[in-house]
Amino acid sequence: MTGNGRAMGPFVTRRDVMMGGLAFAVLCKWGLPLRAAESETLTLSGKPAQGGLVLGHVPEGSRVWVSDEPVRADGGLFCFGFNYNDTEAVPVRVAYPGGLSETRMVTPSPREFDIQRIDGLPEQYVSPPAEVAERIARDARVVVEARMFDSNETWFAEELAWPIQGIITGNFGNQRVLNGEPRAPHYGVDIAASEGTAIAAPTGGIVRLAEDLYLSGNTMVIDHGHGVSTSYLHMSRMEVAVGDRLSRGDIIGRVGATGRATGPHLCWRMNWFQKRLDVALAASARA
Ligand SMILES: [Zn+2]
């Protein structure tokens, strides 16, 4: 890994515990300190950093809100993520089945991202002609829709295996300068490999998009549950279809250079709904 492999600090949190009326009375009567009982606990793991996915565990039957929006927590497992430029603390509120509730503030650790210059891209991809603007806008809509699934699956809680082996040529959060023009940051990890290299599913999932898009070429979005998805761009071929259920290691397609690409590579991405996460933070250490 280059550049962005900084160690992440511990969770920076502020904890507030609010007691329901009955629980408050019982705890006071027994002289216990004003904190949640041991069984009423919220534990967080994962990466509370810019681009990181945070996992939460709560007792079964709890309800959870992140930034005042309800999140799926059936089975006591939930998650949320931070964009590359998020800086604000996020409130995580838990309503425990016994009536207690708790709010914990989670602050993303800041990271530093490098500038990456790419020259020699065909001009129609850097400044697409007006007639393809409509297609690009339509492509963006189908990708947004593919990332909206909130399925009751928990593959997201497993460590991701790398889909191919190769040389990392671009990292998440790189500020990009294409043919000399500053652009939006890069949201994927680019892994260079020869054309036709088999791409394996990093963990279980359901295929939500498998389509040829103007900028990203043959593009796949895989749903890993609770709003977490991974994406695969520029493939030469796609070998699974929308709706297919995948197991870790299943071959989903082949490395290519379709769309806006200077050579064969896999651009691998991760999202929590529309939040763009750094897939390298969720992936296993590379061999
Ligand atoms: Zn990329």
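Atoms within a ligand are numbered from 1 in the order they appear, just like the ligands themselves.
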For this session: Have a look at Asp190 and say which of its N, O or S atoms is nearest the Zn ion (ligand 1).
Result: OD1
For this session: Could you tell me which N, O or S atom of His186 is nearest to the Zn ion (ligand 1)?
Result: NE2
Problem set entry | Basic-acidic side-chain contact under 4.0 Å: Arg135, Glu211 | no
Exercise. Can an N, O or S atom be found in His234 less than 2.8 Å away from the Zn ion (ligand 1)?
Worked result: no
For this session: Mind checking the CD-NE2 spacing from Glu153 to His226? Nearest 0.5 Å is all I need.
Result: 8.5 Å
Exercise. Tell me, do His186 and Arg269 make a side-chain contact under 4.5 Å, heavy atoms counted?
Worked result: yes
Problem set entry | Test: Asp278 and Arg111 ion pair at under 4.0 Å | yes
